There are 4 protein chains.
Amino acid sequence: MAPKRVDKDARRQEILDAAVRVFSRKGFAASRIDDVAAEAGIGKGSVYLYYDSRESLLEAALAQYAAGADALLRQAVEGDAPPLERLITLVHSTIALLSTQRDLARTLLDLWATDHMRPAYRAYREAVTTVLTQARPDLGLAHTTVLIGAIEGVLLQWLIDPDVPLADMAGPIVDVCVEGLRERA
Amino acid sequence: MAPKRVDKDARRQEILDAAVRVFSRKGFAASRIDDVAAEAGIGKGSVYLYYDSRESLLEAALAQYAAGADALLRQAVEGDAPPLERLITLVHSTIALLSTQRDLARTLLDLWATDHMRPAYRAYREAVTTVLTQARPDLGLAHTTVLIGAIEGVLLQWLIDPDVPLADMAGPIVDVCVEGLRERA
Amino acid sequence: MAPKRVDKDARRQEILDAAVRVFSRKGFAASRIDDVAAEAGIGKGSVYLYYDSRESLLEAALAQYAAGADALLRQAVEGDAPPLERLITLVHSTIALLSTQRDLARTLLDLWATDHMRPAYRAYREAVTTVLTQARPDLGLAHTTVLIGAIEGVLLQWLIDPDVPLADMAGPIVDVCVEGLRERA
Amino acid sequence: MAPKRVDKDARRQEILDAAVRVFSRKGFAASRIDDVAAEAGIGKGSVYLYYDSRESLLEAALAQYAAGADALLRQAVEGDAPPLERLITLVHSTIALLSTQRDLARTLLDLWATDHMRPAYRAYREAVTTVLTQARPDLGLAHTTVLIGAIEGVLLQWLIDPDVPLADMAGPIVDVCVEGLRERA
DNA sequence: TATGAATGAGATTTCATTCAT
DNA sequence: AATGAATGAAATCTCATTCAT
């Protein structure tokens, strides 16, 4: 029974990975169930043995990302290190998380303007705001917005142009948007 | 001789505006020609008197934005003012341009990850890079990327949450990403 | 009043001629009212001042041909000359009629397999049969069919390939299908 | 592994046969995909599993005819029998081919004046010309045209009026257009 | 469990016809 | 009388989902 379960879960994940690759290449709107099945190397009908609908594949992709992101956010908000350090860590780890999952990141971007992303996005904004406020109670929402913007905007550039060295950008972002702030203090 | 209701150019623009509003609400992929026609208050077939296809509505929206953006970029690159001032002006005017056209901006975002946006996006990046290099030859690509990222990232937040005061964000962006740089020099 | 009437009739005929040219070029099925109006150099709506519908343009074209053909058939059936001579005249004049109206002939062919052509076609077959029977009571339906076939088949070839010298084909047809018969008698 | 109902090739042929029947009844221009699907007893979308478009159904019908006709033409041109005999055989077998496929023949006629038929038609004319020239080098293009015309014209009559005994017409055509020629030699 | 043929709702697009000017 | 913008019914084609095997 147990091995059976492992197989099913593994197959479920294979299909999800295939779906995310397809979504990344063509965008969710242009991605067909046929494409996902072909990418996963299975029959089209089999996709429906693991996911209820095309839409549910999308939800599973978002949920998978949210799970990873959630851990980072919790660490940042609840950690023991000084707030500024936790903030820097969050920037680094967020970028690290995304830079290893380019297909997923592209899929997220494809949905950024839809209601699907609303919750994940809100959580992220709130966590950064919380930590930045802990670190610098004197700074306002505007600075949070700029910092978050810098992270997302750099991500955006990398998604369009893979030559943008995303993994190396955490440093400059911190230099400009966070360390710069520290210096002035 | 006299046009039945409005002249053709005006009607063309009405339809495009309606389309952009629909694209903004539902995303391009989920927008139907019926929706656009209903939004414009005309029959479905009439849309095709002014645009060849659904796709061409999209292209017209992009072209309209590109025309506005192009003027800003040219001013920034070719203007007489000192480079740093031109850069600041570009940030302010880009945000001013977009903040008055929220629906169009959302449509652009909906397409950000597609090939459609590639050219406009590249032009923008190159212009900012050019001016920033004029202003601060010592700074590298990484700083350009952060600055562009901050602008786009702030835009992104405003698109998802209209309460983000986009029109007021040019100042903080400049403070953090540009003025900060000046001080250090 | 009279000149007004003449104008209307002339315009009606202009439109019909334009329609036949368009039908000839594109086939009736692919011909649009817009095409006809453009060919006639008038507005699309004006076509409807002279013809009730697209279909009625087609009927008018057929009626016009039928009127010309009818005269030929009557001459052949009712004329005073010897039957064989009347038959030869019919072959010559039918081909003469069609060879000066290639556009109309193409339009007819486009409709050959439709119910529209049934009556005109039946009248033609009956007339030829009548005259051939008068000329050669000993010959059967099969010979009529071959003769009619030869005429139509030659026409067909000319419609597809304008280089076929239709106007010169009446002679050979008569030689083979009619004179050949006479010789044997 | 086992096909659900019939194997794909058989289903493809069923659909084509249904399409040809519909084309025959209504003409290609007036034939709807729904009609074809209904005639084949399947759903509308299923037609598209086997043919890319409405147009491709037409092309398949033409290709199917062309394949059969091609065999006849090759036999006539390359056979060992005396030329005149091969010509007579060609007339007989062409009519035999068409008389067993009335629906297909009507479809062909529906397209006679279109570019689709140009190649098949040209091949046919060339083959007849070749063989007739072998048989009677003294006869010119005009006689070929009359012979081809007689065949096609008889076919035409049968298509409009099924009572015309097409299968019995090869004899009279040969008598008039071919044997008649022999006698004179 | 796995498959892919079959389906039909729904989308895009065309165009004959109408009618306000 | 003449126009051509506007319309919407009807056609083609797509594809998520189902289900017989």
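We name chains A, B, ... by the order of the sequence lines, and we start the count at 1 in each one. Everything numeric in this text was worked out from a predicted model, so none of it was measured.
- Along DNA chain E, the nucleotide nearest to B:Arg54 and the one nearest to C:Ala29 differ in position, and the one closer to the 5' end is contacted by B:Arg54.
- Checking the phosphate oxygens (OP1, OP2) of F:dT3, a side-chain nitrogen or oxygen of C:Ser46 falls inside 4.0 Å.
- Distance, B:Arg32 CZ to E:dT12 C1': 10 Å, rounded to whole Å.
- In the model, A:Gln13 has a side-chain atom that pairs as donor or acceptor with a side-chain atom of A:Asp17 under 3.5 Å.
- With rounding to whole Å, D:Asp34 atom CG is found 11 Å from E:dG8 atom P.
- Annotation: cation-pi geometry not satisfied between C:Arg106 and C:Phe23 (NZ/CZ under 6.0 angstrom from ring centroid, within 45° of ring axis).
- E:dT21 is paired with F:dA2 under the Watson-Crick or G-U wobble criterion, all donor-acceptor distances under 3.5 Å.
- When rounded to the nearest whole Å, the span between CD1 of D:Ile15 and P of E:dA5 equals 12 Å.
- Distance C:Tyr48 OH to E:dC15 P: 12 Å, rounded to the nearest Å.
- Evaluation of atom-type donor-acceptor distances gives no pair under 3.5 Å for the side chain of B:Lys44 against the base of E:dG10.
- Note: CG (D:Leu57) to C1' (F:dT12) measures 12 Å, nearest angstrom.
- At the heavy-atom level, D:Ser31 lies under 4.0 Å from the strands shown only through sugar-phosphate atoms.
- Going from atom NZ of D:Lys8 over to atom P of E:dT3 covers 16 Å, rounded to whole Å.
- A close approach under 4.0 Å does not occur between any side-chain nitrogen or oxygen of C:Arg11 and OP1 or OP2 of F:dA1.
- For B:Glu55 and D:Val47, each mapped to the nucleotide of DNA chain E holding its nearest heavy atom, the one lying further toward the 5' end belongs to D:Val47.
- A salt bridge does not link D:Asp103 with D:Arg21: none of the charged nitrogens is closer than 4.0 Å to a carboxylate oxygen.
- Looking at the side chain of B:Tyr50, the nearest of the listed nucleotides E:dA2, F:dA6, E:dT17 is F:dA6.
- Heavy atoms only, all atoms of each residue included: C:Arg54 and C:Ala29 are closest at NH2-O, 3.3 Å.
- Nearest-nucleotide assignment on DNA chain F puts the 5′-proximal partner with C:Gly43, out of D:Asp52 and C:Gly43.
- Atom P of nucleotide F:dA6 and atom CG of B:Asp7 are separated by 11 Å, given to the nearest angstrom.
- The side chain of C:Ile33 has E:dT17 as its nearest neighbour among E:dC15, F:dA6, E:dT17.
- When the nucleotides F:dA1, F:dA5, F:dC13 are ranked by their closest atom to the side chain of D:Ser53, F:dC13 comes out on top.
- Spacing between atom CZ of C:Arg12 and atom P of F:dA2 amounts to 14 Å, rounded to whole angstrom units.
- The backbone N or O of D:Gly27 lies less than 3.5 Å from no partner atom in the side chain of D:Asp110, so there is not a single donor-acceptor pair.
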